[in-house]
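Naming: A, B, ... by sequence-line order, numbering from 1 per chain. Side-chain atoms are counted along with the backbone in the values below, which use heavy atoms only and exclude waters and symmetry mates.
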Amino acid sequence: MTPPRVRFAPSPTGYLHVGGARTALFNWLFARHTGGTLVLRIEDTDRERSTDAHTQVILDGLGWLGLDWDEGPIFQGTLAERHRADALRLLAEGKAYRDYLTADELAVAREAATAAGETFRFDRTRLALPAAEVARREAAGAPYAVRFAVPDAEIAWDDAVHGRISWQGRDLDDFIILRSDGSAIYNLAVVSDDAAMAITHVIRGDDHISNTPKQIALYRALGYDVPIFAHVPVILGQDGKKLSKRHGATAIGDYQDMGILAAAMRNFLALLGWSPGNDDEILPEAELIARFGLDQIQSKPAVFDTTKLEWMNGQYLSSLPADELVAPVLRELTRLGVSTRAERVAPIIEVVKARARTVTMVAEAVRVRMPGVEIIREPKGDALAAKMGERFGKNLRLATENLEPIPEEGWTAPELERDLLALAEARGLKLGDLMQPIRVALTGGTVSEPVHELLAVVGRGESLRRIAAAIAAPG
RNA sequence: GGCGCUAUCGUCUAGAGGCCUAGGACACAGCCCUCUCAAGGCUGGAACACGGGUUCGAAUCCCGUUAGCGCUACCA
């Protein structure tokens, strides 16, 4: 069996939507799983709305997700001649016909039908102009559109995700394949391209189901092999409506900005509408590729759950080595206006990553642990100081007395832990009463990694300075 | 309106006639661990849209109803 050829064909009329990204991911997983070829085709035939900037955003988004392609990007705009030739061939073979009706005349007919409470249908016999009028317009060189004569027969296919889907040709209008300006309409262009590119599996959004019978009719009329279709359901927002800007982040770039890791995004998107068949949730790239299959794609739409995405991101944050997080964290720190180096940041990431759900949270935690930065006092930190009253400052002074003698070389997590534990023991202090004030002094808040690790990562000088400041300016 | 698609916990899903008094994950609640918070562990509440069939037996097959969504362009 020859390896499959699939394609991802976005329109550069906007950013890369999560739905589009998932379609791309499914195509990519299928290609990688089967050893097939993924073609990237940019469908830029809508000249009004297509822009190079959008194309770039889409390419960037795919790159961020780690999705690569084997052929392309091919710009559909450059293929117009072949589209036209296919349409003209259909015309020559009598499988399509000229329609001299102008767009305005068509609109009038449509309105009339709607006003009469009827369903508007393009009726070949009823709407067609009288022969004399056709001849007159033809002689005058009037522009015409080309309509495909849909055969009155059953059009059915075995969809890889939905099973058998069947339509009656008579339920389809004779649709236009060539505009009066000579350019091809989407349905024809897609068929022409997919056939020319020898695409074997069309994996695309559910919203194309109703285009499929038209396209199959076109494949048949043109004598091309009909590919296998796999229609992937749409992604919905929390309210069950199609995911849109109203729901907040929908562009793939938004998630990058939110501090989502590409690996987590990929994993999450894969599980949205696809299942490996068992209870596994965390599936690294290789696993995804190994287990992916069209038949495990869900046939109903899925609601996008940002909370679960963040949970998954937290899982990746915890398990990924700090080294792999340095780049995204550095990127985020730059956005926060902090410039630093990888060597400084890596050890801090190591101790804070387990507690974070997003790269943004990691970056913020890293920032707070760097010398000379301003500490933002959190309400909980103040509340603790207030609750402890005098003991807050007293315990901090006690801690200082014990920590100050520790030399720079001894300022390590194990050493500090031993020292702090001994102090609490000696003074009969509850561990929390000793540790929490230090935590508040160093971070402003009540949550962090274990205090000895925190002290180690912040460093001797900065730690002592922050504790002193907290003693001087209590809650 | 017509045509088509879909229907398991709040959400993502497992389930391809008996293994289902329906399993897992997120979220939620409680407990454990613990200097805090995460993580982790344990426990709990929570679903087969409805109605008919078929069958010894149905979440699983068929039909209908309801609901949601998509298309119905000289957009893609």
Restricting both atoms to N or O, compile the protein contacts to nucleotides 73-75 of chain B shorter than 3.5 Å, with distance only.
from, atom 1, to, atom 2, distance (Å)
C74(B), O2, Ser180(A), N, 2.8
C74(B), O2, Ser180(A), OG, 3.0
C74(B), N3, Ser180(A), OG, 3.0
C74(B), N4, Leu101(A), O, 2.6
C75(B), OP2, Arg179(A), NE, 2.2
C75(B), OP2, Arg179(A), NH2, 3.1
C75(B), O3', Arg179(A), NH2, 3.1
C75(B), O2', Asp46(A), OD2, 3.0

Between protein and nucleic acid, restricted to nucleotides 21-27 of chain B and to nitrogen or oxygen atoms under 3.5 Å apart, what atom pairs and distances do you find?
from, atom 1, to, atom 2, distance (Å)
G23(B), N2, Asp279(A), OD1, 3.3
G24(B), O4', Asp279(A), OD2, 3.3
G24(B), N2, Glu281(A), OE2, 3.2
A25(B), O4', Glu281(A), OE2, 3.2
A25(B), N3, Lys308(A), NZ, 3.1
A27(B), OP1, Arg357(A), NH1, 3.3
A27(B), OP1, Arg357(A), NH2, 2.6

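In terms of phosphate contacts, His162(A) brings a side-chain nitrogen or oxygen within less than 4.0 Å of OP1 or OP2 of U6(B). In terms of phosphate contacts, Lys300(A) brings no side-chain nitrogen or oxygen within less than 4.0 Å of OP1 or OP2 of G68(B). For Gln168(A), no side-chain nitrogen or oxygen approaches OP1 or OP2 of G4(B) to under 4.0 Å.
As rounded to the nearest Å, C69(B) and C12(B) have P atoms that lie 15 Å from one another. Comparing A14(B) with G24(B), their P atoms sit 15 Å apart, to the nearest whole Å. Separating the P atom of G30(B) from that of G53(B) is a span of 47 Å, rounded to the nearest Å. One C1' atom belongs to A47(B), the other to A59(B), and the distance between them is 10 Å to the nearest Å. Rounded to whole Å, the separation between the P atoms of G18(B) and A58(B) comes to 12 Å. Taking atom P in both U6(B) and C28(B), one finds a spacing of 34 Å when rounded to whole Å. C26(B) and A49(B): their P atoms are spaced 24 Å apart (whole Å). Between U60(B) and C50(B), the distance separating the two P atoms is 11 Å to the nearest Å.
The CZ-C1' distance, from Phe304(A) to U13(B), rounds to 16 Å in whole Å. Summarising the geometry, the separation between CZ on Phe8(A) and P on A76(B) is reported as 17 Å, rounded to the nearest angstrom. With rounding to whole Å, Met388(A) atom CE is found 15 Å from C35(B) atom P. Remark: P of C5(B) and CZ of Arg164(A) are 12 Å apart, rounded to the nearest angstrom. Rounded to a whole Å, the CZ atom of Arg439(A) is 8 Å from the P atom of U36(B). Going from atom CD of Glu449(A) over to atom C1' of U34(B) covers 15 Å, rounded to whole Å. In this entry the distance linking CD of Gln215(A) with C1' of C71(B) reads 12 Å, nearest Å. For the pair Ile235(A) CD1 and G68(B) P, the computed distance is 22 Å after rounding to whole Å.
Pair assignment for U36(B) gives none, since no Watson-Crick or G-U wobble pairing has each distance under 3.5 Å. Taking a pair to require two hydrogen-bonding distances under 3.5 Å in either a Watson-Crick or a G-U wobble arrangement, C20(B) remains unpaired. Pairing for U11(B) goes to A25(B), judged as Watson-Crick or G-U wobble with the two contacts each under 3.5 Å. Across all strands shown, U60(B) forms no Watson-Crick or G-U wobble pair with both distances under 3.5 Å. Of the nucleotides present, C69(B) is the one that pairs with G4(B) by Watson-Crick or G-U wobble criteria, both distances under 3.5 Å. If you check A46(B) for Watson-Crick or wobble pairing at under 3.5 angstrom, you find it has no partner at all.
A donor and an acceptor atom, one from each side chain of Asp174(A) and Tyr97(A), are located under 3.5 Å apart. In this structure, a donor-acceptor pair under 3.5 Å is absent between the side chains of His54(A) and Asp44(A). A donor-acceptor pair shorter than 3.5 Å can be found between the side chains of Arg204(A) and Thr212(A). Side-chain atoms of Arg439(A) and Thr443(A) include no donor-acceptor pair closer than 3.5 Å. A side-chain donor from one of Arg291(A) and Asn278(A) sits under 3.5 Å from a side-chain acceptor of the other. Of the N and O atoms on the side chains of Thr446(A) and Glu378(A), not one donor lies less than 3.5 Å from an acceptor on the other residue. Between the side chains of His208(A) and Asn211(A), a donor-acceptor pair is found at a separation under 3.5 Å.
Ring pair Phe304(A)/Tyr255(A) is tilted by interplanar angle, where 30° to 60° counts as tilted. By the 30° and 60° cut-offs, the orientation of the rings of Trp157(A) relative to His231(A) is perpendicular.
Base engagement by Ser448(A) is indicated by at least one non-hydrogen atom pair under 4.0 Å involving a base atom. Residue Gly273(A) is classed as a sugar-phosphate contact, given heavy-atom separations below 4.0 Å to backbone atoms only. Using a 4.0 Å heavy-atom criterion, one finds that Ser166(A) contacts the sugar-phosphate atoms exclusively. Across all strands shown, Pro233(A) has no heavy atoms under 4.0 Å from either base or sugar-phosphate atoms. Using a 4.0 Å heavy-atom distance criterion, Val303(A) is classed as a sugar-phosphate-only contact. Across all strands shown, Thr446(A) has heavy atoms under 4.0 Å from base atoms, whether or not it also approaches the sugar-phosphate. Residue-level contact check: His208(A) touches the bases, meaning some heavy atom is under 4.0 Å from a base atom. Backbone-only engagement by Gln298(A) is indicated by non-hydrogen atom pairs under 4.0 Å involving sugar-phosphate atoms exclusively.
Here the nucleotide nearest the side chain of Arg355(A), chosen from C37(B), C71(B), A14(B), is C37(B). Checking A14(B), G4(B), C37(B) against every side-chain atom of Ile209(A), the shortest atom distance belongs to G4(B). Checked against C12(B), C35(B), C5(B), the side chain of Ala302(A) finds its nearest nucleotide in C12(B).
A distance-only check finds a donor-acceptor pair linking the side chain of Arg84(A) to the backbone of Gly182(A) [under 3.5 Å].
Both Gly277(A) and Asp171(A) sit near RNA chain B, but only Asp171(A) has its closest nucleotide nearer the 5' end. Of the two residues near RNA chain B, Leu421(A) and Trp167(A), the one whose nearest nucleotide lies more 5' is Trp167(A).
Minimum heavy-atom separation, Met361(A) to Arg357(A): SD-N, 3.4 Å.
Open room surrounds CZ on Arg427(A); 12 or fewer heavy atoms of other groups in view lie less than 6.0 Å from it.
Checked against a 6.0 Å centroid threshold, the rings of Tyr316(A) and Phe268(A) do not count as neighbours.
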